[in-house]
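Encoded as structure tokens, the structure appears first; notes follow it.
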Protein chains: 2
Amino acid sequence: MSDEDAVDRGPGRTRAAVDAWEAVFRLQATLLRRLAADDVWEDLGVREYDVLHTLSRRPGGRARLGTLSEEVYLPQPSLSRLVDRLERHGLLAREPDPGDRRGVLVALTDEGAARQRRIGGRHAASIARHLGEMEAGELADLTRLARAALDRATASATDQAP
Amino acid sequence: MSDEDAVDRGPGRTRAAVDAWEAVFRLQATLLRRLAADDVWEDLGVREYDVLHTLSRRPGGRARLGTLSEEVYLPQPSLSRLVDRLERHGLLAREPDPGDRRGVLVALTDEGAARQRRIGGRHAASIARHLGEMEAGELADLTRLARAALDRATASATDQAP
DNA sequence: CGCAAGTCCATGCGTTTGCATGTACCTGGC
DNA sequence: GCCAGGTACATGCAAACGCATGGACTTGCG
């Protein structure tokens, strides 16, 4: 995904960062394609499932639309329409937020929760099929390092002149 | 991104795989958003740049459209239109493939190559800014493990009954 | 209280996406 | 050489995306 040399702390430093990004990018891209291709999604897409999944791990199976928007990495207007669709399919419902009348709570219906569990089980198996070949230690290390990188990136998000 | 327990070789095995996928997915998603938000892209998008970049590392700065399509993880019709746009901007050109008259070679123009270098340099710096906080060892391990995972995933793509 | 500024979600609109299909070309068997 | 089947790219069309904006509500300050 990238090129060239740059500043910061050393020349190979940039190269190492770029290599890491490229490797992670490639891994995610091909894995996502494979997972999406696996026939586990019934009639909805990966993004739709991600919303159901995220809601399912929330107390009460509901969350504010804005919150959800950040958690599933989807811009708010896109999520709003996606919720429209899932609502039409009866998998979730909008409710007014009692504490803030501007807000909207998105809630999993029973059918939505059931659907999430069915798909979730198959999806997990699918992931295991694709990554299961890795040794347990490698898998754990990959998880740890990816989380570490995410932490660093999140931390360093504090720049830009105000 | 996922849930539940499943089969394969053990119970925690699936959990470990799911955790790894989730960590990698999150890392890529937030990093991609950050990188896309960094003001280095002039007037084109990440996907457009990816095409220029991929072409730039090819002998002659050209490749078959189909080949390119796989390398940038973009379905062929989508790439075809994306090439339309870049062609309109004068950054690349279509040429007939001399060896196969069905084929189309996509070639970087001089302007396209120059643009790629400019953006590439800034983009690399941007990556270094976001990941540079990591220790060199961690960065190298992350790269190694992501590549290993990709290899395993690619290898195990040989199933499904014929 | 009253109002200016800010937050939250929905919608208009132009662009991009991707599936399904069409057209041109290549290849192998006869 | 010819034709059936396969491959490569383009295009029609419906869906989805995302930015910019609009309308509803909240908050904080005078």
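Keep in mind that what you see is a predicted model, and the values were worked out from it rather than measured.
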Whole-Å gap separating P (D:dA15) and NE2 (A:His89): 11 Å
DNA chain D contacts among residues 68-81 of chain A, heavy-atom distance under 4.0 Å: A:Pro75, A:Pro77, A:Ser78, A:Arg81
Separation of atom CG in B:Asp97 from atom C1' in D:dA8, rounded to whole Å: 10 Å
Closest-nucleotide ordering on DNA chain D, the 5'-leading residue of A:Arg101 and B:Thr67: B:Thr67
Distance in angstrom units between B:Arg47 CZ and D:dA16 P, rounded: 16 Å
4.5 Å side-chain heavy-atom contact, A:Val51 and A:Leu91: no
CD-CG distance between A:Glu70 and A:Leu79, expressed to the nearest 0.5 angstrom: 11.0 Å
Option from A:Leu86, A:Val72, A:Leu92 for which side-chain contact (heavy atoms from CB on, under 4.5 Å) with A:Leu55 holds: A:Leu92
Spacing between B:Leu82 atom CG and D:dC17 atom P, to the nearest angstrom: 18 Å
Sugar-phosphate, base or nothing in reach of B:Asp100, heavy atoms under 4.0 Å: sugar-phosphate
Ion pair check, A:Glu48 and A:Arg115, cut-off under 4.0 Å: no
Parallel, tilted or perpendicular, as decided by the 30° and 60° cut-offs, for the rings of B:His123 and B:Trp41: tilted
base_contact_polar (D:dT7 base, B:Arg102 side chain, donor-acceptor, <3.5 Å): yes
Between D:dA8 (P) and B:Leu105 (CG): distance, integer Å: 13 Å
Minimum-distance pair of heavy atoms, taken over all atoms of A:Leu150 and B:Thr30: CD1-OG1, 3.0 Å
Closest non-hydrogen atom pair, B:Ser80 against B:Arg94: O-NH2, 3.3 Å
Positional range of nucleotides in DNA chain C within the contact set of chain B, heavy-atom, under 4.0 Å: C:dT16 to C:dC26
Whether B:Trp21 and B:Phe25 hold their rings parallel, tilted or perpendicular, with breakpoints at 30° and 60°: tilted
Nearest-0.5 Å distance that lies between atom CZ in A:Arg34 and atom CD1 in A:Ile127: 14.0 Å
